[in-house]
There are 2 protein chains.
Amino acid sequence: MSVEWAGVGPEVLLRLDRSASEPLRVQLERGLREAIRSGRLEAGERLPSSRAMAAELGISRGLVLECYSQLQAEGFLTSRSGSATRVAAGALAPAELPVQPPPLARPIVDFRPGVPDLTSFPRRDWVWALREGSRGATPLELGYGDPRGVQFLRVVLAGYLRRVRGAVADAERVVVCGGFAQGINLVLGALSRRGTGRVAIEDPGDVDYLAICERLGIRAVPVRIDKRGIDVEALAAAEVGAVILTPTHQFPTGTALASERRQALVAWAQACGAMIIEDDYDAEFRYDRDPVGALQGLAPDRVALIGTVSKSLAPGLRLGWVVCPPDILEPLIEEKRLSDRGSPALEQLALAILMESGRFDRQVRRMRQVYGSRRDTLVRALSTGAPAVVLHGLAAGFHAVADLAAEADEQAIVEQARERSVGLYGMSSFRPSGGGGAPQLVLGFGNLSQTAIERGIAAVADLL
Amino acid sequence: MSVEWAGVGPEVLLRLDRSASEPLRVQLERGLREAIRSGRLEAGERLPSSRAMAAELGISRGLVLECYSQLQAEGFLTSRSGSATRVAAGALAPAELPVQPPPLARPIVDFRPGVPDLTSFPRRDWVWALREGSRGATPLELGYGDPRGVQFLRVVLAGYLRRVRGAVADAERVVVCGGFAQGINLVLGALSRRGTGRVAIEDPGDVDYLAICERLGIRAVPVRIDKRGIDVEALAAAEVGAVILTPTHQFPTGTALASERRQALVAWAQACGAMIIEDDYDAEFRYDRDPVGALQGLAPDRVALIGTVSKSLAPGLRLGWVVCPPDILEPLIEEKRLSDRGSPALEQLALAILMESGRFDRQVRRMRQVYGSRRDTLVRALSTGAPAVVLHGLAAGFHAVADLAAEADEQAIVEQARERSVGLYGMSSFRPSGGGGAPQLVLGFGNLSQTAIERGIAAVADLL
């Protein structure tokens, strides 16, 4: 179909603003593109000759010709030698985006677990470390580097993990990644390529594993957690090739894996060649004694240790690491290489410098005190406002589990609290098996000031 | 098996250094862990009583008890009430890592394509932008944010892409990611979930797509490139649900997709509902005229546009973006959320600030001049040293294609150059189909000074 130029003068279609800083040619090109996309110029329609267009708009003919030629190269216009320039078929405005539901208003006091204190991020130290790291970055580090990450950070991390987590670590086996979230994808991806089709996950635990595993072609099998951690007999019966665990401070129940269970678990993994994936998410924050060493230290051949700065510095840094057993080191590095060619270099250098300088340890010590005080505030506020509620899992980290009365309705309490602008989270939203259990709340207090904790608990105490 | 304490005094096994800054308890714990891991203390072996150990080492009994209890919690020791503390089974040293082959010595002059000038990274500007970004980051940005990325950057990027690339972009449809490498994984992952099983790739092109696609359960189908870009008839015959393209400056042949091919391509995609994945890797560097607008501008519903700062700033930043068609926006955001919960926030803020301040454009303009001079140097050096060689694909970017004599042996030339410490790359290493073709070299000159280009070409001119 060949429509003639509709007769509307180009100056109606195209407004050139001679006072704007944008060159006239750019304005003309953009105007024509938009007219074509919006349908104001139809497919097949003939454009005025360059001479006519130039005269109408009061610009030079050369400028119009350049513009036509540019839009032709981009596929908006067609032109055969000797015939007129026409609008090409196919350039249309994009479909409307699906309308997003408006986000729910954030609760004023939000006990969401897993969020550290976001106001305590050590900005000055981090900026200092970034500056030092950026100044010293080598061309090699600025290029496409080792997919495992910057060598300097891997050396520093290996030392840190040996010293603080009792891990068996050397730089060769450390792979830097985008937080725990990418770490688990890399490990599962490597296992999947090795043929692992079933992986056990903790129940209660993180329900996101269902989707993460499914995406990688792995079946996630929930295995129950009791007061001593994962039930190793149930695990053995699940016939899985790997298990994802939070042995030091189970998420969300807050228990530590009992000593004899640690041994039984390692014996199981060694007997059947299974892999234990250790999520060491908040290892730094233990209050009553030194942190329990990482399980990885006990069986470095069978445990992949995943750590992160999301709790110690900030989730927004998206920086973590995997200490990888030799078995899956090569496939894991290949996963990392193919999925993003490595993590950002300058933030790796910054973390290495922060750790080497002692500022990282200082921040962790400082935050241990902050969280310790918040924990005490939560305990006090609950014992005053809702003395019947029993708290667990407070030896480490910054969340607690609150037992509700046996007849309490978890979901109703969560909803009523929400109406009072308090965010509460029921244990049922952490059950990947979909099974039931006694009514409980998981109370995160990391990102709440002591005043906010007191106000939040006071506002909902009667519900508990 | 229950072995008694071997009789060697603990002071042989464990050396405590009283002058060290490390507390004695930490030294004792580490010493025992290492003795167990290395096999010096065997599984089942009985440890001395805490009293005896304390006396032998000259430390307090309480300290030994704390240490035993810590190692028991970690699973290295077992202890039942009333019986002795023993070494648990299962804690062994890790297997030796496979020995890595020593890396090849880097060539002194390396014409590897795809690497920008790593010495020109604007450190001062980037550090300034990082500092500004870190100072102004909100708690929300430091937390677990929108998986699409920081809102500020998405708004700035959408504007930049509209202005510089003629793209149809708004912040809602921009997803920030870890360079092009992660972008392509996200798009392919989203397509795979939608049921796309076959994706066309350019031949010549990047052979890594074979592994990237396979990992996502997708069959990569190489489609031939000629002097006008991809052969759209061959593409239509390949029966694919998507195609990965470098339309503006084909990698590695350097051609631009011809105007009528752009239209045919879009018509094909619209007719069969296929997706075009546009790799806009070095769009900023075009020398003889303005860059051709992104193909995405012509068909925003059918094109996913992936961009990166790897060429304009540095690959080590690992920062890129996808402008996503509405069709696959939701699954793509979910891919990003599940794979790493979003990209690092502070570098996103830094890029937004760099772009807003005009410093990004200034850097691009500066580098366009630098690469333009290097391109001229390469042309001169070849016309002097090897006048028979014909160069193509020099209108943009920082690599060129050199036609060798028809009887030349590409692989032999690459190897001989290597012996002279010059890195050359044959076209055959960019043929995912594995097919043959006329002997050619792909010469990257982005990361070579003019002197290095001259010396490198002089060193191998007789081979060409």
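Proteins get letters first, then strands, A, B, ... in listed order; numbering begins at 1 in each.
More than 12 non-hydrogen atoms from other residues, nucleotides or ligands lie less than 6.0 angstrom from CZ of A:Arg163.
Taking 4.0 Å as the cut-off between side-chain N and carboxylate O, B:Glu214 and A:Arg193 count as a salt-bridged pair. Salt bridge A:Glu335/B:Arg215: present, at least one basic N to carboxylate O contact under 4.0 Å. For the pair B:Glu347 and A:Arg318, the salt-bridge criterion is not met [side-chain N within less than 4.0 Å of a carboxylate O].
For the options B:Trp126, B:Phe180, B:Tyr144, heavy-atom pairs under 4.5 Å to chain A are most numerous at B:Tyr144. Ranked by heavy-atom pairs shorter than 4.5 Å toward chain B, the options A:Leu140, A:Thr119, A:Leu257, A:Val115 are led by A:Leu140. The candidate from A:Ser259, A:Ser192, A:Pro247 with the greatest count of non-hydrogen atom pairs under 4.5 Å with chain B is A:Ser259. For the set A:Pro139, A:Ser339, A:Ala181, A:Ala314, the count of heavy-atom pairs under 4.5 angstrom toward chain B peaks at A:Ser339. Interface check for chain B: of the options A:Thr138, A:Ile212, A:Val150, the most heavy-atom pairs under 4.5 Å are formed by A:Ile212. Top candidate by heavy-atom pairs under 4.5 Å with chain B, chosen from A:Ala345, A:Pro116, A:Gly183, is A:Ala345. Ranked by non-hydrogen atom pairs under 4.5 Å with chain A, the options B:Gly166, B:Gly145, B:Gly178 are led by B:Gly166.
Using modelled atom types, no side-chain atom of A:Asp340 and backbone atom of B:Gly179 make a donor-acceptor pair closer than 3.5 Å. With hydrogens and angles ignored, the 3.5 Å screen pairs no side-chain donor or acceptor of A:Arg131 with any backbone N or O of B:Val127. For B:Arg37 (side chain) and A:Gly297 (main-chain N/O), a donor-acceptor pair under 3.5 Å exists by modelled atom type.
Considering all non-hydrogen atoms of both residues, A:Pro344 and B:Pro344 come closest at CG-CG, 4.1 Å.
You'll find the side chain of B:Asp208 reaches within 4.5 Å of the side chain of A:Arg337, heavy atoms only. Looking at A:Ser134 and B:Phe121, their side chains never come closer than 4.5 Å, going by heavy atoms from C-beta outward. By the 4.5 Å heavy-atom criterion applied to side chains, A:Arg135 and B:Arg123 are not counted as neighbours.
Of the atoms belonging to A:Ala137, heavy atoms from both backbone and side chain fall under 4.5 Å from chain B. In this structure, no portion of A:Ala267 lies under 4.5 Å from any heavy atom of chain B. The contact between A:Arg341 and chain B is made by backbone and side chain atoms together, counting heavy-atom distances below 4.5 Å. With a 4.5 angstrom heavy-atom cutoff, A:Thr248 does not touch chain B via any of its atoms. Only the side chain of A:Lys311 comes within less than 4.5 Å of a heavy atom of chain B; its backbone N, CA, C and O stay farther away. When heavy atoms are compared at a cutoff of 4.5 Å, B:Leu77 approaches chain A solely by way of its backbone atoms N, CA, C and O. For chain B, the nearby parts of A:Leu142 are the backbone and the side chain; heavy atoms of each come within less than 4.5 Å.
Atom CG of B:Leu338 and atom CD1 of A:Ile184 lie 12.5 Å apart (nearest 0.5 Å). Here the CG atom belonging to A:Leu216 is positioned 9.5 Å from the CG atom belonging to B:Leu216, to the nearest 0.5 angstrom. To the nearest 0.5 Å, the span separating CD on A:Glu74 from CZ on B:Arg165 amounts to 8.0 Å.
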